[in-house]
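Quick note on labels: first sequence line is chain A, next is B, and so on, each numbered from 1. Bear in mind the structure is a predicted one, so any value in this text is a computation, not a measurement.
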There are 2 protein chains.
Amino acid sequence: MLRLSKFADYGCQVMAYMAQDKAVHSATEVATSLGMAAATVSKILKMLARENLVASVLGAKGGYALARHPQQISIAEIINAMDGPISITQCSGTTSCERESFCSTRGNWQGINHIIQDALAKVSLAEMIAPKPQVVNMRTIRSRDVSA
Amino acid sequence: MLRLSKFADYGCQVMAYMAQDKAVHSATEVATSLGMAAATVSKILKMLARENLVASVLGAKGGYALARHPQQISIAEIINAMDGPISITQCSGTTSCERESFCSTRGNWQGINHIIQDALAKVSLAEMIAPKPQVVNMRTIRSRDVSA
DNA sequence: CCGAACTGGGACTATTTTAGTCCTAGTTAG
DNA sequence: CTAACTAGGACTAAAATAGTCCCAGTTCGG
């Protein structure tokens with residue numbers, strides 16, 4: 001339906017791991033713990049560091065630590081850091097968008113996009129790692145379609 | 001941030017065009033009106049027909065017409081028809097998902113996924129083509145980030 | 001002061017998705 | 001019976017994504 005990139009997914013996993021404590025973790029350590037390729041984790045941490053979601057410590061014994069408290073980091077920020085702020089409609093104003101009905105469509109797309117961003121911004125990393133999901137009433141999970 | 005495929009976008013455009021009236025339109029006609037490649041529009045209409053969003057009429061003078069009233073078609077259905085029911089998290093249960101903290105993360109992902117699906121299901125094709133966006137209060141559009 | 005353990009940044013390649021084209025078969029109006 | 005259509009799928013092309021690697025800079029510990 002709507003896809004989140006693997007990077008965004010990885011980014012959240014990495015952040016979830018980091019959220020365990022306030023300590024400094026090296027990329028290698030995170031990779032080992034998560035069972036991911038070291039180079040990939042390193043890349044992800046670099047991206048997260050650039051967006052100030054994690055703070056980096058240079059040199060030997062260096063690594064990364066969460067820049068803020070898990071309560072103060074939303075998954076929207078993580079996704080943005082990994083995927084960039086790409087809106088769901090990527091209509092780059094090409095020629096096929098001239099008709100009035102289409103433009104009004106665009107306006108609605110933006111509204112929908114906003115709802116999604118809002119939903120993601122409302123969930124903090126702390127909530128994400130909580131065993132009891134509070135994001136939405138979980139009786140609604142049945143709505144989940146069979147994945148492709 | 002979150003990407004909608006071009007096909008889903010096209011599908012909505014095609015459906016918006018079809019929603020103008022209850023008449024039968026050939027793929028060629030739709031393509032011409034929308035300024036899109038005929039083969040592509042044809043493919044999109046076939047997909048929409050398979051999901052019963054449009055009804056097809058075979059033979060000469062054939063074509064497609066909206067299967068239901070625009071009020072009764074949600075954009076979630078259109079997106080599903082085009083992209084398939086792919087949830088935002090595509091974790092296929094690989095080895096890196098063993099830890100408890102991750103699994104709880106998955107549960108929350110499903111909740112978020114549901115919110116998004118809900119938002120899309122609430123918007124009908126009729127609302128989508130309406131010039132005045134009612135989907136969300138539009139004072140919030142400022143939240144739209146600069147696209148990549 | 002040197003070497004080992006790190007991050008920073010980016011170039012590069014491989015892989016997978018996505019988009020788009022085309023062909024053949026079947027249906028129907030005139 | 002032919003022209004105008006859709007049905008379905010095979011195929012190719014293009015682009016986005018994921019993943020690897022390299023080199024430079026920083027810091028710790030001996």
Side-chain angles (χ1 to χ4, degrees), chain A residues 1-11 13-14 18 23-32 34-65 67 79 81-84 86 90-92 94 96 147-148, chain B residues 1-11 13-14 18 23-32 34-65 67 79 81-84 86 90-92 94 96 147-148:
Chain A
M1 186 143 192
L2 224 53
R3 212 192 54 190
L4 206 58
S5 77
K6 255 188 189 173
F7 274 7
D9 197 353
Y10 289 170
Q13 284 188 232
V14 168
M18 306 276 294
V24 171
H25 305 274
S26 75
T28 319
E29 181 218 315
V30 176
T32 307
L34 261 44
M36 295 164 67
T40 302
V41 172
S42 175
K43 183 178 180 176
I44 288 163
L45 280 164
K46 282 174 198 172
M47 294 171 91
L48 292 169
R50 220 171 305 170
E51 299 294 322
N52 295 309
L53 292 174
V54 295
S56 65
V57 178
L58 286 180
K61 302 265 174 186
Y64 301 88
I79 295 171
M82 304 306 296
D83 286 357
I86 297 154
Q90 80 239 71
C91 152
S92 32
T94 39
S96 51
S147 274
Chain B
M1 185 143 193
L2 226 54
R3 210 191 57 190
L4 205 59
S5 77
K6 254 189 189 174
F7 273 6
D9 197 353
Y10 288 170
Q13 284 188 234
V14 167
M18 306 276 295
V24 171
H25 305 276
S26 76
T28 318
E29 182 217 314
V30 176
T32 307
L34 260 43
M36 296 163 68
T40 302
V41 172
S42 176
K43 182 177 181 178
I44 288 164
L45 280 165
K46 282 174 199 171
M47 295 171 91
L48 292 169
R50 220 170 306 172
E51 300 293 322
N52 295 311
L53 292 174
V54 296
S56 66
V57 179
L58 287 179
K61 302 264 174 187
Y64 302 88
I79 294 171
M82 304 307 296
D83 286 357
I86 298 153
Q90 80 239 68
C91 154
S92 31
T94 39
S96 51
S147 273

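Shown here for A:V54 and A:L45, the closest heavy-atom pair between the two residues is CG2-O, 3.9 Å. Closest of all the heavy-atom pairs between B:A38 and B:A31 is CA-CB, 3.6 Å. Minimum interatomic distance between A:A65 and A:A23 (heavy atoms only, all atoms of both residues): CB-O, 3.5 Å.
Proximity of B:M47 to B:Y10: side-chain heavy atoms (C-beta onward) are nowhere separated by under 4.5 Å. Using a 4.5 Å heavy-atom threshold, the side chains of B:M36 and B:I44 count as touching. You'll find the side chain of A:V41 stays beyond 4.5 Å of the side chain of A:L34, heavy atoms only. In this structure, A:K43 and A:F7 have side chains that are in contact, with non-hydrogen atoms separated by less than 4.5 Å. Side-chain contact between B:Y64 and B:K46: present, with at least one pair of heavy atoms (C-beta onward) separated by less than 4.5 Å.
Near-neighbour residues of DNA chain C inside residues 47-55 of chain A, defined by a heavy atom below 4.0 Å, number-ordered: A:R50.
Using a 4.0 Å cut-off, some side-chain N or O of B:S56 falls inside it from OP1 or OP2 of D:dA7. Residue B:Y64 has a polar side-chain atom (N or O) positioned under 4.0 Å from OP1 or OP2 of D:dA7. In this structure, B:Y10 reaches the C:dG20 phosphate: one of its side-chain N or O atoms is under 4.0 Å from OP1 or OP2.
Comparing C:dT21, D:dC5, D:dT20 by their nearest atom to the side chain of B:S26 picks out D:dC5. Closest approach to the B:A39 side chain among C:dT21, C:dA19, C:dT7 is made by C:dT21 (side chain taken as heavy atoms from C-beta onward).
Sequence order on DNA chain D of the closest nucleotides to B:V57 and A:K46 puts B:V57 first from the 5' end.
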- Task: Encode nucleotides 24-30 of chain D as B, S and - characters from 5' to 3', where the letter depends on protein heavy atoms closer than 4.0 Å: B to the base, S only to sugar-phosphate, - to neither.
- Result: --BBS--
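Note: B:L4 CG to B:I79 CD1 = 4.5 Å, rounded to the nearest 0.5 Å. For the atom pair CE of B:M82 and NZ of B:K6, the computed distance is 13.0 Å after rounding to the nearest 0.5 Å.
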- Query: For B:L48 and B:M18, what are the C-alpha separation, side-chain angles and deciding distance, and is it a side-chain contact (heavy atoms from CB on, under 4.5 Å)?
  - Reply: CA-CA 12 Å; B:L48 292 169; B:M18 306 276 295; over 6 Å; no
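Panel note: side chain A:T32, backbone A:T28; a donor-acceptor pair is recorded below 3.5 Å.
Taking atom CD1 of residue B:I44 and atom P of nucleotide C:dA19, one finds them 9 Å apart after rounding to whole Å. Atom CZ of A:F7 and atom P of C:dT15 are 15 Å apart (whole Å). Atoms NZ (B:K6) and P (C:dT18) sit 13 Å apart, rounded to a whole Å. As a whole-Å value, the separation of B:E29 CD from D:dA4 P is 16 Å. Between A:L4 atom CG and D:dT17 atom C1' there is a gap of 13 Å when expressed in whole angstrom units. To the nearest angstrom, C1' of C:dG20 lies 11 Å from CE of B:M36.
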Hey, what are the protein-to-nucleotides 10-12 of chain D N/O distances that come in under 3.5 Å?
none

